Protein chains: 2
Amino acid sequence: MQTVFATVSRMPPVISTAHTVPRAPRQTMPSGLRRTFAKGDALFAEGDPSDYFYKVVSGTVRTSKLLSDGRRQIDAFHLAGDIFGLENSKDRYFTAEAIEPVVVLAFRRTEFTTLLHADPALGDQLMSATIASLDRAHDHMVLLGRKTALEKVATFLLDLANRLSRGNSVDLPMQRADIADYLGLTIETVSRVLSQMVRDGLIAVTAASRTIFLKDRAALELLAV
Amino acid sequence: MQTVFATVSRMPPVISTAHTVPRAPRQTMPSGLRRTFAKGDALFAEGDPSDYFYKVVSGTVRTSKLLSDGRRQIDAFHLAGDIFGLENSKDRYFTAEAIEPVVVLAFRRTEFTTLLHADPALGDQLMSATIASLDRAHDHMVLLGRKTALEKVATFLLDLANRLSRGNSVDLPMQRADIADYLGLTIETVSRVLSQMVRDGLIAVTAASRTIFLKDRAALELLAV
DNA sequence: CGGAGTATTGAGTACTCTCAATGGAAGTGG
DNA sequence: CCACTTCCATTGAGAGTACTCAATACTCCG
């Protein structure tokens, strides 16, 4: 997935005020529009026209869906390097919000479609980005439908540790409510499970509750099923 | 999604013993290999190489994923007209099984990739098939993570009724265990919820338990959230 | 230091699960 | 054609996990 934008990332980021972009001989290069969002800002909301898709440069974005009564399901957290927002038809299917200061590259969908026709190989790569996102969705369905609270949290911690890859310490960019809505639990249950894990020596948590040390990765992996 | 194979379905089905396929002037047409499966047969299993993807001609296919201890999550039921098996990388991510006699058209992935390059418009359509499948996955995550048993069953019945479109009667192709593993419940809970719905006059169930009449669609839709 | 926001902990409840028994339907073989 | 078997679905009783409501603790920031 990373490779989709290999060609793009070698180019200077394009700022909103129409920069001229260097072009390869026979094809149009996609222009990544650099955009910044403050904590809490929405990148787009359910029902919006889906003109752009995004690649995260820094920060974390959550995509979620609401039920009519306010119940929320977060389907993914998108970290630096991740591509998202591609998965929708002409209208947005869910909401994307910055949960901390975020910088993204926004790509216009229409431009990209044009490009795909000029460069089929790129199309394949974009396709596999979408497929990767489907695979993650399937894993998450197993988690939501068939795992216990303990297993859910263990899976979550290991996944985040692997993606943020800072050894055995995880700097959680999101608060408990987000974790709960991602795992299909309540904040209280998430908190209780974390406390239990601390008591069992599986993890350690900093005072501010946002940094977690994986003390017994093997045990966590056993729990993650 | 249906339109992806508009060109294909006008052509005679190709049988395994290398038939010669009529060809359009400048491009290769995809060959749909007709295959039949008995109830219970696996079309493919987790870990298999993913050489083909499929379009259901008749019958129902379930795709599922297992945890190491046997817990199962069914991510979708594929009915006549549905395309599936496209969503994987080189190895199968889940298992596909026929839950009743099934006829499918199997398309070789490699051939299709070649075709995509010859016909970009087809690529777009295939892409949107994948995207549609992602949208369904997201809806299902909301169901698994945030809906009650009653809401899950109501959602399931309405969805199936809409897809099978036989008015207000639904002929369930799957047994209770499948419904349970699809909704993240146990068979007992599914059974209890259905019984409750019968008592409340929302549905009626035939003696064999496989046909369900939606007696109060409005009430069900209210429950489906 | 005080207030707002966030996280933890406690008590009690409820929804769904587990274990177990019963009821029905469909298919098999005599 | 009818007993028998098997598979599947329903129902019951009790238990347990996760939830709700509520209070307390902790951080961060002004």
Side-chain angles (χ1 to χ4, degrees), chain A residues 38-40 62 67 69-73 99-101 143-157 170-200 203-212 223 225, chain B residues 38-40 62 67 69-73 99-101 143-154 156-157 170-200 203-212 223:
Chain A
K39 178 176 173 175
R62 71 163 176 246
L67 289 178
D69 63 356
R71 278 175 285 176
R72 185 179 66 158
Q73 179 64 47
I99 62 176
E100 51 178 353
L143 177 144
L144 290 171
R146 287 299 177 216
K147 292 191 181 178
T148 65
L150 189 61
E151 293 167 346
K152 285 176 176 180
V153 174
T155 306
F156 171 73
L157 291 178
V170 189
D171 240 315
L172 299 179
M174 71 290 287
Q175 55 190 45
R176 297 293 185 267
D178 288 325
I179 300 177
D181 283 347
Y182 177 63
L183 298 178
L185 299 170
T186 58
I187 25 176
E188 293 94 332
T189 298
V190 171
S191 189
R192 271 186 254 271
V193 168
L194 288 173
S195 299
Q196 187 59 50
M197 285 179 166
V198 170
R199 276 192 294 276
D200 294 349
I203 60 172
V205 179
T206 51
S209 307
R210 285 299 185 86
T211 303
I212 294 187
L223 282 175
V225 189
Chain B
K39 178 176 173 173
R62 71 162 177 246
L67 289 178
D69 63 355
R71 277 175 286 175
R72 185 179 67 160
Q73 179 64 46
I99 61 176
E100 51 178 352
L143 177 142
L144 291 171
R146 288 299 178 215
K147 292 190 180 178
T148 65
L150 189 61
E151 293 167 347
K152 285 176 175 181
V153 174
F156 171 74
L157 290 178
V170 188
D171 240 316
L172 299 178
M174 72 291 286
Q175 54 189 46
R176 298 291 185 267
D178 289 324
I179 300 177
D181 284 345
Y182 178 63
L183 299 179
L185 300 170
T186 58
I187 23 176
E188 293 94 333
T189 299
V190 171
S191 189
R192 272 185 255 270
V193 168
L194 287 173
S195 298
Q196 187 58 49
M197 284 179 165
V198 170
R199 276 193 293 276
D200 294 348
I203 60 172
V205 179
T206 52
S209 309
R210 284 300 184 87
T211 303
I212 294 186
L223 282 175

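Not measured: the values here are computed from a predicted model. Chain letters run A, B, ... following the sequence lines, proteins first, then strands; residues in each count from 1.
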What protein N or O atoms touch nucleotides 17-19 of chain C N or O atoms at under 3.5 angstrom, if any, and at what distances?
residue: C:dC17; atom: OP2; partner: B:T186; partner atom: N; Å: 3.3
residue: C:dC17; atom: OP2; partner: B:T186; partner atom: OG1; Å: 3.2
residue: C:dC17; atom: OP2; partner: B:T189; partner atom: OG1; Å: 2.5
residue: C:dT18; atom: O4; partner: B:R192; partner atom: NH2; Å: 2.9
residue: C:dC19; atom: N4; partner: B:E188; partner atom: OE2; Å: 3.0

Using a cut-off of under 3.5 Å, enumerate the N/O to N/O pairs linking the protein to nucleotides 28-30 of chain D.
none

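Shown here for A:F156 and A:M174, the closest heavy-atom pair between the two residues is CZ-SD, 3.8 Å. Between B:A154 and B:L223, the shortest heavy-atom contact is CB-CB, 3.7 Å. Between B:I99 and B:K39 the shortest heavy-atom distance is O-CG, 3.6 Å. B:P173 and B:E100 make their closest contact through CB-OE2, 3.5 Å (heavy atoms, listed as atom of the first residue, atom of the second, distance). In terms of heavy-atom proximity, B:K152 sits nearest to B:G184 at NZ-O, 3.6 Å.
Interface residues of residues 171-179 of chain A facing DNA chain C, ordered by number: A:Q175, A:R176; criterion, heavy-atom separation under 4.0 Å.
Note on A:S191: a base of the nucleic acid sits closer than 4.0 angstrom, heavy atoms only.
Applying the side-chain hydrogen bond (donor to acceptor under 3.5 Å, both in side chains) criterion to B:T211, with sequence neighbours excluded, gives B:D171. Under the side-chain contact (heavy atoms from CB on, under 4.5 Å) criterion, B:R210 pairs with B:L172, B:Q175, sequence neighbours left out. Scored by the side-chain contact (heavy atoms from CB on, under 4.5 Å) test, A:R72 finds A:R62, A:S64, A:L66, A:I74, A:D178, A:D181 as partners (sequence neighbours excluded). Take B:T189 and apply the side-chain contact (heavy atoms from CB on, under 4.5 Å) test, not counting sequence neighbours, and it matches B:A149, B:L185, B:T186, B:V193. For A:T155, the side-chain contact (heavy atoms from CB on, under 4.5 Å) partners at least two apart in sequence or on another chain are A:L143, A:K147, A:A224.
Side-chain nitrogen and oxygen atoms of B:S195 include at least one within less than 4.0 Å of the OP1 or OP2 phosphate oxygen of D:dT11.
Atom CD of B:E100 is separated from atom P of D:dC8 by 14 Å (rounded to the nearest Å). For the pair A:L183 CG and D:dT17 P, the interatomic distance rounds to 18 Å; values are reported in whole Å. Going from atom CZ of B:R210 over to atom P of D:dC8 covers 8 Å, rounded to whole Å. Rounded to a whole Å, the CG atom of B:L150 is 8 Å from the P atom of C:dT16. Distance B:K147 NZ to C:dT16 C1': 18 Å, rounded to the nearest Å. For the pair B:I187 CD1 and C:dG24 P, the interatomic distance rounds to 18 Å; values are reported in whole Å. Here C:dC15 presents its P atom at 13 Å from CZ of A:R71, a figure rounded to the nearest Å. One atom, NZ of A:K39, and another, C1' of C:dA4, lie 13 Å apart when rounded to the nearest Å.
Using five terminal pairs a side, the axes of the helix from C:dC1-D:dG30 to C:dG30-D:dC1 at its two ends make an angle of 30°, given in steps of 10 degrees.
The closest side-chain heavy-atom distance from A:M197 to A:L157 is below 4.5 Å. Counting only heavy atoms from C-beta outward, the side chains of B:V198 and B:L194 never approach each other to under 4.5 Å.
Between the side chain of A:R71 and the backbone N or O of B:R146 there is at least one donor-acceptor pair closer than 3.5 Å.
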